[in-house]
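Below, read A as the first sequence line, B as the second, and so on, with proteins coming before strands; counting in each chain starts at 1.
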Protein chains: 2
Amino acid sequence: MTLKDLATLLGLSPTTVSRALNGYPEVNEATRKRVAEAAQRYNYRPNTQAKRLATGRAMAIGHVIPISTQHEIVNPVFADFLAGAGEVYARAGYDMVLTIVPDDDEERAYREIRSKRNVDGILVHAPKAHDPRIALLNDLGLPFVVHGRASGVRAPYSWVDVNNTRAFERATEFLLDLGHRRIALVNGIDGMDFALRRRRGFERALAGRGLAADPALIVAGEMTEAQGHAAARAMQALADPPTAYLTASLLSAMGVRRGLEEAGLKLGRDVSVLTHDDELGYLKNGEQEPIFTATRSSVREAGRRCAAMLLRKVASGDPTPQTELLEAVLVVGQSTGPCRALHRQNEHAAETL
Amino acid sequence: MTLKDLATLLGLSPTTVSRALNGYPEVNEATRKRVAEAAQRYNYRPNTQAKRLATGRAMAIGHVIPISTQHEIVNPVFADFLAGAGEVYARAGYDMVLTIVPDDDEERAYREIRSKRNVDGILVHAPKAHDPRIALLNDLGLPFVVHGRASGVRAPYSWVDVNNTRAFERATEFLLDLGHRRIALVNGIDGMDFALRRRRGFERALAGRGLAADPALIVAGEMTEAQGHAAARAMQALADPPTAYLTASLLSAMGVRRGLEEAGLKLGRDVSVLTHDDELGYLKNGEQEPIFTATRSSVREAGRRCAAMLLRKVASGDPTPQTELLEAVLVVGQSTGPCRALHRQNEHAAETL
DNA sequence: AAAGTCATTCAAAGCGCTTTGAATTGTATT
DNA sequence: AATACAATTCAAAGCGCTTTGAATGACTTT
């Protein structure tokens with residue numbers, strides 16, 4: 001059933017039918033109704049390819065998912081992010097086109113996407129500091145939105161990001177307020193922009209109290225359970241182990257928890273753990289009450305925001321960069337408590353009274 | 001730069017240029033070379049939409065990702081599966097189109113995809129027993145491959161699946177051989193076909209030794225860390241707690257581990273845990289040596305196989321159903337050991353000698 | 001030398017839609 | 001009654017590619 005068929009069936013021209021279906025004003029309301037009903041009855045759907053060719057709009061958004069060539073890791077937050085973005089696209093009648101690219105081959109991928117013209121815009125994932133993709137995409141002239149930011153990139157661009165610096169600054173302050181002074185940071189991979197910002201927030205909070213970060217208490221890497229576990233084991237073996245851990249993901253936090261429990265330590269009492277929580281669907285930080293104290297920010301919501309912003313850009317054609325900064329909320333769970341060392345001092349002080 | 005432009009530039013007809021670029025035989029080799037070079041120099045890329053319209057092939061594969069309306073959960077294996085499938089599509093010049101659909105609205109989604117004609121085939125995820133989508137897709141006449149199977153569906157269809165029944169049968173036998181008799185099953189959601197099969201394998205192995213499954217030792221649900229934790233806590237509180245756990249995912253296993261460690265039990269010594277491991281990129285079961293004893297089967301590889309099969313179907317147009325059964329491998333880690341109860345009996349026996 | 005082959009190229013139609021510019025009709029204006 | 005105008009509708013061109021069927025030479029074959 002093509003447009004032409006439908007038109008013949010109705011005794012109308014394809015022009016009128018097309019206009020009726022696309023909501024153009026210069027068509028009689030009675031006709032429009034008749035057309036709509038026929039379309040319904042004969043289950044007519046415009047051929048996407050034809051529409052795209054005729055309008056020049058692909059009605060699709062591209063997501064380039066980089067896969068680390070070293071670790072072969074698929075970032076676990078993608079699934080939730082895509083779910084969020086997908087909702088928005090679906091509502092707008094857009095398709096979501098995924099391209100999986102080894103991260104040493106991204107430039108070629110973007111160029112190819114551009115010249116194939118099969119998407120109207122691109123969503124950029126996982127920016128690194130000084131990420132060259134931004135300049136490239138600005139060059140290519142394809143609308144894009146970055147999920148995250150790229151420190152060191154001068155050129156303006158549109159982004160949606162969580163205030164990672166502030167989140168980790170507050171998290172660190174929270175631990176400092178509990179009396180912790182030896183705080184470990186179990187961070188994401190070093191080059192990633194979000195990891196840099198989190199570290200910056202961490203260091204800023206420490207500096208605010210006249211403290212310096214101890215390099216022995218900082219580790220950066222893939223945010224896996226194994227990472228957290230290894231970090232906790234290594235750091236607990238130090239002469240002066242940390243009394244609190246700040247981790248970048250729930251998985252890392254779970255690993256840290258295991259390492260600490262193996263050492264016979266109880267979370268929240270002996271050692272504190274505070275993690276960032278992306279609110280992934282399959283990795284919940286407790287049901288009602290959070291298990292870990294956490295800086296919480298929904299990746300799925302970020303996906304929605306990114307998608308909505310990109311669609312606005314595509315629709316308006318306005319190249320003015322837009323930005324949106326989301327704040328994480330600090331939720332308090334069972335995994336943090338006053339610094340034990342301090343606690344003991346206090347007890348001691350009480351005794352001597 | 002369009003085909004026409006390029007043709008004019010070369011003093012050839014669009015026909016010849018098109019054929020030269022698409023490898024048709026009736027083109028002079030010298031001409032072909034000249035065309036190829038010009039295409040390269042002027043960075044010509046055929047417009048995807050035009051190509052699609054002209055050929056009638058969408059050069060894209062659709063993936064419908066269902067989102068549970070109750071749990072709002074995005075299945076964490078999707079990311080890895082898509083990575084695997086994406087590799088294959090990219091190599092074949094196909095796009096991957098994702099549609100995120102609430103799981104109460106899938107039929108409409110499939111029909112829409114069909115009539116929009118923007119994909120050449122569909123990959124079906126997460127089949128349930130008696131899944132109605134299979135009949136629907138057979139009706140719609142769009143090539144499709146199911147990742148998994150749907151027990152109870154009579155109509156033939158193409159699928160790629162892990163031998164879940166056999167995997168869990170072997171896993172259970174392994175535990176039985178270690179002397180375990182009280183074995184818990186921490187399974188996936190009940191309706192899901194893979195969960196049914198795993199349970200069947202579990203029960204079959206028990207029946208093979210004349211044992212029946214104890215309903216008190218079976219739990220089914222979303223495979224999260226919380227699920228495993230809750231299951232372990234509940235079951236350890238039983239009068240006659242299990243000596244071994246069989247879990248359906250690494251996350252569940254991690255939860256069980258936590259529950260057991262909270263109870264002061266050591267994995268592999270006091271209690272055994274055997275899990276299925278999908279080899280997700282971000283959730284590794286140890287580096288060299290596995291942490292958990294596991295039935296292992298790469299979801300990413302399954303993605304590749306599914307994609308390859310679907311592309312073959314699309315290319316050949318042959319509707320004959322194809323099937324591919326992958327076997328999981330049983331790897332032995334630190335989390336399993338002889339049944340403690342049995343062990344004690346043996347020690348006792350040794351002492352009395 | 002005429003007829004038949006083969007290799008190579010081309011003109012034109014078509015994929016299914018949108019959109020421009022013109023045609024038609026009915027109604028309001030003078 | 002003649003003109004203007006708005007409201008509808010339509011024919012045809014075009015989006016950039018593929019593909020059919022025909023055309024052009026050059027080369028064999030008889």
According to the salt bridge (charged side-chain N to carboxylate O under 4.0 Å, His left out) rule, which pairs have a member within residues 11-25 of chain A, sequence neighbours left out?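 Salt bridge (charged side-chain N to carboxylate O under 4.0 Å, His left out) check on residues 11-25 of chain A returns A:Arg19-A:Glu26.
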
[X] has an atom [atom1]; how far is it from atom [atom2] of [N], in whole Å?
{"X": "B:Glu29", "N": "C:dT9", "atom1": "CD", "atom2": "P", "answer": "10 Å"}
{"X": "B:Arg57", "N": "C:dG16", "atom1": "CZ", "atom2": "P", "answer": "15 Å"}
{"X": "B:Lys4", "N": "C:dA13", "atom1": "NZ", "atom2": "C1'", "answer": "14 Å"}
{"X": "A:Glu26", "N": "C:dT18", "atom1": "CD", "atom2": "P", "answer": "13 Å"}
{"X": "A:Leu53", "N": "C:dT19", "atom1": "CG", "atom2": "C1'", "answer": "13 Å"}
{"X": "B:Gln49", "N": "C:dC15", "atom1": "CD", "atom2": "C1'", "answer": "13 Å"}
{"X": "B:Arg34", "N": "C:dT9", "atom1": "CZ", "atom2": "C1'", "answer": "12 Å"}
{"X": "A:Arg19", "N": "D:dT8", "atom1": "CZ", "atom2": "C1'", "answer": "10 Å"}

[X] side chain near [N] phosphate (N/O to OP1/OP2, under 4.0 Å):
{"X": "A:Thr55", "N": "C:dT18", "result": "no"}
{"X": "B:Tyr24", "N": "C:dT8", "result": "no"}
{"X": "B:Asn47", "N": "D:dC15", "result": "no"}
{"X": "B:Thr31", "N": "C:dT9", "result": "yes"}
{"X": "B:Thr15", "N": "C:dC10", "result": "no"}
{"X": "B:Ser18", "N": "D:dT18", "result": "yes"}

Using a 3.5 Å distance criterion without hydrogens, assess whether the side chain of B:Asn138 forms a donor-acceptor pair with backbone atoms of B:Ala135.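 Side chain of B:Asn138 to backbone of B:Ala135, a donor-acceptor pair under 3.5 Å: no, none is there.
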
Evaluate the salt bridge (charged side-chain N to carboxylate O under 4.0 Å, His left out) criterion for residues B:Glu279 and B:Arg300: first the C-alpha distance (whole Å), next the side-chain angles of each, then the deciding distance (0.1 Å), finally the verdict. CA-CA 8 Å; B:Glu279 296 196 57; B:Arg300 190 144 164 198; over 6 Å; no

For the side chain of B:Ala54, starting at C-beta, report the closest nucleotide among D:dC10, C:dC15, D:dC15.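 Nucleotide nearest to B:Ala54's side chain: C:dC15.
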
Between D:dT18, D:dT9, C:dT9, which one does the side chain of B:Leu12 approach most closely?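 Closest of the options to the side chain of B:Leu12: C:dT9.
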
Heavy-atom nearest nucleotide on DNA chain C for B:Ala50 versus B:Asn28: which residue maps closer to 5'?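 Counting from the 5' end, the first nearest nucleotide belongs to B:Asn28.
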
Please round to the nearest 0.5 Å and tell me the distance separating atom CG of B:Leu6 and atom OH of B:Tyr44.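 That separation rounds to 7.0 Å.
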
List in chain and number order the residues that pass side-chain contact (heavy atoms from CB on, under 4.5 Å) with B:Pro127, two or more places apart in sequence or in another chain; answer none if no residue qualifies.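 B:Pro127 satisfies side-chain contact (heavy atoms from CB on, under 4.5 Å) with B:Asp131, B:Arg133, B:Val146, B:Ala150 only.
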
I want to confirm an ordering. Mapping A:Arg117 and A:Thr16 to their closest nucleotides on DNA chain D, which one lands closer to the 5' end?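 With A:Arg117 and A:Thr16 compared, the 5'-side residue is A:Thr16.
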
